[in-house]
Amino acid sequence: MQVAGGAPDSVSILNLLPAICEYSALLLCREVHGLVIRRCLLAVVANGLVDTYCKCGSTVVARKVFDRLAGSRDGVSWGTMIAGYVYNSRYRDALELFQESRRLNVKLNRVSVVSALSAAAETADLDMGMSIHSYAVEEGVYFDVAVKTALVTMYAKCGEMEKAELLFDGIQKRDIIAWSAMVSAFVQTGCPRKAISLFQEMQMDGIRPNRVTLVSVLPACADLPDLNLGKSIHCFALKSKPDRVLDVSLGTALVAMYAKCGSFRSARTLFDGLLHKDVVTWNALINGYAQAGEAEKALQVFHQLQSIGQHPDSCTMVGVLPACALLNAIREGACMHGMVIKYGFESDLHVKNATIDMYAKCGDLPSSETLFLETKFYEDVISWNTMIAGYMHNGQASEAIATFHQMTSENIEPNLVSVVSVLPATGYLAALKEGLALHSYVIRLGFESHVPVGNCLIDMYSKCGKLDYACNFFNQMMYKDIVSWNVMLAGYALHGEAESAISLFSQVRDSGIEVDALTYLGALSACRHAGSVTEGKKIFESMRNNHRLEPHLEHYACMVDLLGRAGQLDDALSLIYTMPLAPDAAVWGALLGACKMHSNIRMGEIALENLSRLEPGNAAQYVVLSNIYAHVGRWTDARKLRAAMSLTGLNKTPGCSWVEIKNAYHAFIVGDQSHPQYESMRNLWNDLQAEMEKMGHVPDTTSVLQNVEEEEKEFFLDTHSERLAISFALLNTEAGTEIQIIKNLRVCGDCHTVTKLVSRITNRRIIVRDSSRFHHFENGICSCRDFW
DNA sequence: TTAGGGTTAG
């Protein structure tokens, strides 16, 4: 038009603007702006420019044009600028502009109201949303379908589903957008069933779903999952497209649906056949694999994405980081972190938290901590929860608890996940006071009726030695899932309460709840602790016969242990030889333990041969066999084995015991003499030892590893970590106080006997939780029936 | 100038 000579008129410019928008041609927009800038700008042209600048991504210049309009601004100018901010995700700016219009008493039209509402929805700013709602009512734009639809979405995104539903029900003539908005609201608030029934209701109302409706309802099929409905939507989508070419969003939603329904072959075929794909489509496949635990596949697709030169986005990284964590692939994970930095996704919270989690799961806590300490993320509850879970994943239970406390002192409100993450730490440490405090906290937050939280509480109480509290809580739970039954069963097993466990097991079988492999493991391990061979065999058989559950390695290890302890070593060995899975170290270890108990050298050697193949670095098994040799007097063999161990540099995991005194944890490692109170502890122990000798106790040194003189062996026994912890506790608590010790390994035979005697001499109740179970010592007796 | 949509961390 310039070739023609004259300056372009307003109409030509207005006609040109939509094309500029379509191509996001910012430079062209500036040029047009330059042409009109010296003239008296008509509001209609200025509004067009504001819109075009926003669509080209430049809200700053758009705002300048808007500001320059000053007095000649009309309702459309305000609506355009607010909508422009929303278009560019500058929701706070949109809301501020809305508030400014209120201060200036400008009358806004329905477009401005709709845009402002969507900004309030995106920022989940309920107060703001409600004030826009009142404004809409005052100004009489409230009866508009678009305004009502925007209100429905705003309330849904602010978590006010009841209000959203009420408003939706009140819309007289619902259009397809209103229906789709409500379907989407149900999907996003985790109500897939409601979404699907609304989707069906809409069709009965005579409204034919469009592309957006289908894309909105597909995640509901994935969440349920309902593969058949997903497939029928796929057919519907193809039928309504004569060329059968799916658009990117619909293709992506379908890929995600198939992947989440576990139908990876369909997901892959569809994905490969899609004509239009973007990075989100790739993410759907990558995340589908990652969430199903198919980490290698996820990474494989990621590398394929890179090989075609497509750049990942932040969601891609959120998919691949957990895949690295799953594979414990720290190097790959660190490369992903590098990529996050390269592409500038560091400021994305999802990415940051996934990176923190990846490092923690791969055992690199310092890297997690460094990322976490970057202040900006310090305010996010998920970052805190990730850190708590990360500490727990690495066995740092006291760090997990400390982090939880720090979080509350920083005024970050813990949520359900925080509680579920920190409760296992209190169980791990048997930190009852902490556990009780958390329980009251749970009640205050109103989380007590939440099933996973309740399950954690049962587990915590039983691990803290309070089986009665665990039972009471379990019995009063309104809703239980299979996990509730499983943790209760495991609690009975941990406390050696086989009868209660077996009766609970038959209750759950009769209750109609579907039992799983862990239910069986709980029941079997209760039988193991009680030595109930017949019952255990029956349960093991019914696993396959009645529930079609294939026993896992853990079940076999448990059965071998049960049979072996009962002296049925041949049956145990033939079970190992006939099992369909390749026996692992736990299975052979159970046999070895039983061989020690019954001094069976022939079988012990078979077990050790297999163990040294499976776990060449683990010394514990060698110790057991050398103990068997020593026990039957084959000293030369015992010595040879120990010499071979020291040559190959095998190390035994050092024993460690903890005790809680006045809210502080004290840890003792075997042989540690560095404690400030060591002298007094030693003296106290010598006195106890003299008493024990008077009672006729002769130390059983067969569990001592070192090849030394008998007297020295006794000294080594005396430095076993549980004895250090017990003497420390005796020194630092009032007479008569109960003592609770936790140990990382199993208690040895002599420590077991000695603890019984100490409980009698000192008149204390002593509870020891070792890696296998609880031992209650009182007045010279121990509650457990299966110990030596 | 406007409302609904695909992938996302603990």
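Below, read A as the first sequence line, B as the second, and so on, with proteins coming before strands; counting in each chain starts at 1.
- Among the protein residues, A:T386 comes within range of the sugar-phosphate backbone only, with heavy atoms under 4.0 Å from sugar or phosphate atoms but none that close to a base.
- Among the protein residues, A:A146 comes within range of the nucleic acid bases, having at least one heavy atom under 4.0 Å from a base atom.
- The side chain of A:A83 has B:dT2 as its nearest neighbour among B:dT2, B:dG4, B:dG6.
- At whole-Å resolution of the value, OH in A:Y155 and C1' in B:dA3 are 16 Å apart.
- Under 4.0 angstrom from either OP1 or OP2 of B:dT8 there lies at least one side-chain N or O belonging to A:Q291.
- Under the 3.5 Å distance criterion, with hydrogens and angles disregarded, no donor-acceptor pair is assigned to the side chains of A:S184 and A:S216.
- Taking atom NZ on A:K352 and atom P on B:dA9, their separation rounds to 17 Å, with Å as the unit.
- Using a 4.0 Å heavy-atom criterion, one finds that A:N47 contacts no nucleic acid atom at all.
- Out of B:dT7, B:dA3, B:dT1, the shortest distance to the side chain of A:V111 is found at B:dT1.
- Side-chain contact between A:L423 and A:D459 is absent, with no heavy atoms from C-beta onward closer than 4.5 Å.
- Nearest nucleotide to the A:A253 side chain, out of B:dT2, B:dA3, B:dG6: B:dG6.
- A:D175 comes within 4.0 angstrom of a nucleotide base, judged by non-hydrogen atoms across all strands.
- One finds no side-chain N or O of A:T149 lying less than 4.0 angstrom from the OP1 or OP2 phosphate oxygen of B:dG4.
- Counting to the nearest Å, the C1' atom of B:dG5 and the CD1 atom of A:I176 are 12 Å from each other.
- For the pair A:L254 CG and B:dT7 P, the interatomic distance rounds to 11 Å; values are reported in whole Å.
- Among the atoms of the strands shown, base atoms are found under 4.0 Å from some heavy atom of A:T281.
- For B:dT8, one of the phosphate oxygens OP1 or OP2 lies less than 4.0 angstrom from a side-chain nitrogen or oxygen of A:K260.
- Nearest nucleotide to the A:N210 side chain, out of B:dG4, B:dG6, B:dT8: B:dG4.
- Donor-acceptor pairing under 3.5 Å is lacking for the side chains of A:Y428 and A:Q396.
- Rounded to a whole Å, the CG atom of A:N88 is 12 Å from the P atom of B:dT2.
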List the steps and the verdict of salt bridge (Lys or Arg N to Asp or Glu O under 4.0 Å) for A:K55 and A:D51.
CA-CA 6 Å; A:K55 293 270 170 66; A:D51 180 45; 3.4 Å; yes
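- The CE-C1' distance, from A:M81 to B:dT1, rounds to 12 Å in whole Å.
- Here the nucleotide nearest the side chain of A:P219, chosen from B:dG4, B:dG6, B:dA3, is B:dG6.
- You'll find that the side chain of A:V76 is closest to B:dT1, out of B:dT1, B:dT2, B:dA9.
- Residue A:N283 places no side-chain atom within donor-acceptor reach of the base of B:dG6, judged by atom type and a 3.5 Å distance cut-off alone.
- Distances were taken from every side-chain heavy atom of A:S115 (C-beta onward) to each of B:dA3, B:dT2, B:dA9; the shortest belongs to B:dT2.
- Tested against A:W384 for a ring-ring contact (aromatic ring centres under 6.0 Å, His included), the candidates A:F404, A:F372, A:Y391 yield a single pass: A:F372.
- The separation between A:H393 atom NE2 and B:dG10 atom C1' is 13 Å, rounded to whole Å.
- Base engagement by A:D247 is indicated by at least one non-hydrogen atom pair under 4.0 Å involving a base atom.
- Of the candidate nucleotides B:dG10, B:dT7, B:dA9, B:dG10 has the atom nearest to the side chain of A:N385.
- Using a cut-off of 4.0 Å between Lys/Arg side-chain N and Asp/Glu carboxylate O, A:E122 and A:K157 are scored as salt-bridged.
- Proximity of A:Q188 to the phosphate of B:dG4: no side-chain N or O atom is located under 4.0 Å from OP1 or OP2.
- When the nucleotides B:dG10, B:dA3, B:dA9 are ranked by their closest atom to the side chain of A:I177, B:dA3 comes out on top.
- Residue A:N415 places a side-chain atom within donor-acceptor reach of the base of B:dG10, judged by atom type and a 3.5 Å distance cut-off alone.
- Among B:dT7, B:dG4, B:dT2, the nucleotide with an atom closest to any side-chain atom of A:S118 is B:dG4.
- Contact annotation for A:V248: base contact, defined as any heavy-atom pair under 4.0 Å involving a base atom.
- Here B:dG10 presents its C1' atom at 14 Å from CG of A:L321, a figure rounded to the nearest Å.
- With hydrogens and angles left out, the side-chain atoms of A:D93 and A:N88 include no donor and acceptor closer than 3.5 Å.
- Nucleic acid contact for A:S421: none, since no nucleic acid atom lies under 4.0 Å from a heavy atom of the residue.
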